[in-house]
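Remarks on the structure that follows.
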Amino acid sequence: MAVLLSVRDLRVEFSTSGGVVTAVDGASFDVGPGETVALLGESGSGKSVTAQAVMGIVPKPAGRVCGGSITYDDRDLLVPGVAKGLRGREIAMVFQDPLSSLNPVFRVGAQIGEMFRRHRGASRREARAAALELMKRVGIPAASKRLDDYPHQFSGGMRQRVMIAMALALSPRLLIADEPTTALDVTVQAQIMDLLRRLQSEDGMSLVLITHDLGVVADVADRVVLLYAGRVVETGPIREVYEHCAHPYTSGLMASVPILDAPRTRLTPIQGSPPDLLSLPTGCSFRPRCQYADTHCANEEPALLQLSRRPTGHQAACHHPEGVLANAH
Ligand code: ADP
Ligand code: MG
């Protein structure tokens, strides 16, 4: 399979007052051209830091990439300056909170147009026309009237559309959307997901969709990568993972959201609390919250292993995948 983005054994550390935490601990995943990959996990599992590492924006000096590799289209993103040169043009990002990324004192049309002025040498008039086209494309009603509005005059959902328009301005081949709908209500969430899916299929771009909500990615993602304490604990084609999930964390996340057409009415959050990265247990990090945990799990960290004999790419890092598989249905 062709690969556009390849993340291998990525490690990112932060120095904190309590000591050094490993926010991303040996994560690997690939994103193919035109593919949508969901990075999924509870808050604090290392999703945003993974995205920061790809974009070359891990906050310094506290954070640093201390191991692994990130390759985009055969270019090494960890070489200083390389990620910066691709940011915005080849790889663009959309964040959870558009207000923090938009400048409150500039009109929205001018902010989108600035992308064309700065990177494409467009005139003011050309930039305005291009901004209008993009605003229409992302489904902002009465776009020509809204060009001259300020960010605060837009609703949350419309602001997110503005951010998506800015991200798409230079036709990136990879879009990373970090919890793009988390701040929005459910109806607007669905509209933004529909928009992302439409844009993705029109442009054939690759999409990395970061979320803590399995329900959001159910019918958008091709593959899913589940992160726990900075490690990949399960990955595979989304259908395969949904139907034959093999890690208790995944089944826990599934039980806490109503997904697909599965008749799951019981909504139970995963018991216990998210891991403290400063004092992870020995062996499997998920062990304190797991009903299958035994001494093997305490003594040995489970490796990410292939599950099926068919080459589906479905892998899980659990000593008791059969138990999870048997119980999940
Ligand atoms: P999420 O999966 O919610 O996006 P993050 O990737 O933002 O989680 O963070 C993962 C962990 O990395 C956090 O729980 C925290 O311990 C650590 N971390 C992230 N950003 C920083 C930072 N700027 N300074 C110190 N630690 C950080
Ligand atoms: Mg995050």
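One-based numbering, in listed order, for ligands and for the atoms of each.
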### Message
With clusters defined by side-chain heavy atoms of hydrophobic residues (ILVMFWY) lying less than 4.5 Å apart, directly or transitively, does Ile91 cluster with Leu78?
### Response
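Yes, Leu78 connects to Ile91 through the hydrophobic network.
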Using distance alone, decide if ligand 1 has a nitrogen or oxygen within less than 3.5 Å of any nitrogen or oxygen in [X].
X: Pro59; value: no
X: Ser45; value: yes
X: Lys47; value: yes
X: Gly46; value: yes
X: Ser15; value: no

For [atom], grab the closest protein heavy atom and report residue, atom and distance to one decimal in Å.
atom: atom 6 (O) of ligand 1; value: Val49 N, 2.9 Å
atom: atom 12 (O) of ligand 1; value: Ala23 CB, 3.1 Å
atom: atom 7 (O) of ligand 1; value: Ser48 CB, 3.6 Å
atom: atom 23 (N) of ligand 1; value: Phe14 CE2, 3.6 Å
atom: atom 3 (O) of ligand 1; value: Gly44 N, 2.7 Å

### Query
Looking at Ser206 and Gly32, what are the two nearest heavy atoms and their distance?
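Scanning both residues, the minimum pair turns out to be OG-O, 2.9 Å.
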Looking at [X], which atoms of ligand 1 are within less than 4.0 Å of one of its heavy atoms?
X: Glu42; value: 2 (O)
X: Ser43; value: 3 (O)
X: Leu277; value: 11 (C), 16 (O)

### Task
If the plane angle is over 60° it's perpendicular, under 30° parallel, otherwise tilted; pick one for His296 and His319.
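Parallel: the ring planes of His296 and His319 meet at under 30°.
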### Query
Counting no waters, how many protein N/O/S atoms sit under 2.8 Å from the Mg ion (ligand 2)?
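Counting protein N, O and S atoms closer than 2.8 Å to the Mg ion (ligand 2) gives 1.
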#### Entry: Residues that Thr16 engages under side-chain hydrogen bond (donor to acceptor under 3.5 Å, both in side chains), provided they are two or more places apart
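Expected list: none.
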Salt bridge or not for [X] and [Y], using N-O below 4.0 Å?
X: Arg128; Y: Asp148; result: yes
X: Asp203; Y: Arg173; result: no
X: Arg198; Y: Glu202; result: yes

### Query
Are Arg64 and Ser15 close enough that a side-chain donor and a side-chain acceptor fall under 3.5 Å?
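No, no side-chain donor-acceptor contact under 3.5 Å.
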### Message
Please enumerate all residues that pass salt bridge (charged side-chain N to carboxylate O under 4.0 Å, His left out) together with Arg146, with sequence neighbours excluded.
### Response
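Here the qualifying residues are Asp149.
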Donor-acceptor pairs under 3.5 Å, side chain of residues 114-123 to any protein atom, not counting sequence neighbours: which ones?
from, atom 1, to, atom 2, distance (Å)
Arg120, NH2, Leu170, O, 3.3
Ser123, OG, Glu126, N, 3.1
Ser123, OG, Glu126, OE1, 3.4

### Query
Does Asp194 reach the main-chain N or O of Arg197 with its side chain, forming a donor-acceptor pair under 3.5 Å?
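Side chain of Asp194 to backbone of Arg197, a donor-acceptor pair under 3.5 Å: no, none is there.
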### Message
Out of the candidates Arg287, Glu301, Glu300, only one should pair with Thr282 under the side chain to side chain donor-acceptor pair (under 3.5 Å) rule; please name it.
### Response
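Testing Thr282 for a side chain to side chain donor-acceptor pair (under 3.5 Å) against Arg287, Glu301, Glu300 leaves exactly one candidate, Arg287.
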### Message
Looking only at the aromatic ring of each residue, does the gap between the centers of Phe286 and His247 stay below 6.0 angstrom?
### Response
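Between Phe286 and His247, which both carry aromatic rings, the centre distance is below 6.0 Å.
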### Query
Any heavy atom of Gln52 sitting closer than 4.0 Å to ligand 1?
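Flag not set, Gln52 not near ligand 1.
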